[in-house]
Amino acid sequence: LKCQLLTLGVDFKATYTQRYGTHQSLADITVFDIRDYFQSLSPAQRHLLDQVCRVLMIILVMPATNATSEAPLVHCAE
């Protein structure tokens, strides 16, 4: 995974800079920019980054909150 993340970092930065120019800050990257990057890859390229792709899919489907973490807050409001 570490090697794939390093590869992603180099290639994504080059692709992002080419698409948006050097004036766009890398701090403005969103998970949706990364999703779009993955969608633009060929199946063979996606296979090379398969572990990163799995992590991205988990992030996209994972709820921002869950009922377990909200339960104590409900009792505090009463």
Side-chain angles (χ1 to χ4, degrees):
L1 178 61
K2 183 178 179 180
C3 184
Q4 288 185 18
L5 286 169
L6 291 171
T7 303
L8 170 69
V10 171
D11 192 49
F12 178 80
K13 183 177 179 181
T15 303
Y16 187 81
T17 303
Q18 182 181 11
R19 180 178 292 170
Y20 297 108
T22 56
H23 66 280
Q24 187 73 18
S25 171
L26 293 176
D28 296 333
I29 295 172
T30 67
V31 71
F32 300 109
D33 293 324
I34 298 169
R35 178 201 61 193
D36 294 343
Y37 166 79
F38 269 95
Q39 288 176 341
S40 73
L41 297 177
S42 70
Q45 290 171 311
R46 267 187 247 134
H47 181 71
L48 289 173
L49 299 172
D50 64 333
Q51 293 177 359
V52 177
C53 191
R54 281 188 211 137
V55 171
L56 178 63
M57 293 300 290
I58 290 169
I59 290 170
L60 290 173
V61 299
M62 184 175 54
T65 62
N66 61 46
T68 305
S69 63
E70 292 176 3
L73 298 175
V74 173
H75 297 294
C76 292
E78 294 176 351

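Computed from heavy atoms alone, side chains included, the values below leave out hydrogens, waters and symmetry copies.
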Tell me, please, which residues at least two apart from Tyr37 pass ring pair (Phe, Tyr, Trp, His ring centres under 6.0 Å). Phe12
Grouping I, L, V, M, F, W and Y whenever their side-chain heavy atoms are under 4.5 Å apart, do Val55 and Leu8 come out in a common cluster? yes
Quick check for you: to the nearest 0.5 Å, what is the distance between Arg46 atom CZ and Leu56 atom CG? 11.5 Å
Where do Gln51 and Gln4 come nearest, in terms of heavy atoms and distance? N-OE1, 2.9 Å
In terms of heavy-atom contacts, Leu60 and Phe32 come closest through CD2-CE2, 4.5 Å
State whether the number of non-hydrogen atoms from other residues, nucleotides or ligands found under 6.0 Å of Gln39 atom CD is greater than 12. yes
What's the separation between atom NE2 in His47 and atom CG in Asp50, rounded to the nearest 0.5 Å? 6.0 Å
Could you state the interatomic distance from CG (Asp36) to OG1 (Thr15), rounded to the nearest 0.5 Å? 12.0 Å
Residue among Leu5, Leu1, Leu41 satisfying side chain to side chain contact (heavy atoms under 4.5 Å, CB included) with Leu49: Leu41
Hey, could you give me the CG/CG distance between Asp11 and Leu6, rounded to the nearest 0.5 Å? 12.5 Å
Between Ile59 and Val31, is any pair of side-chain heavy atoms under 4.5 Å apart? yes
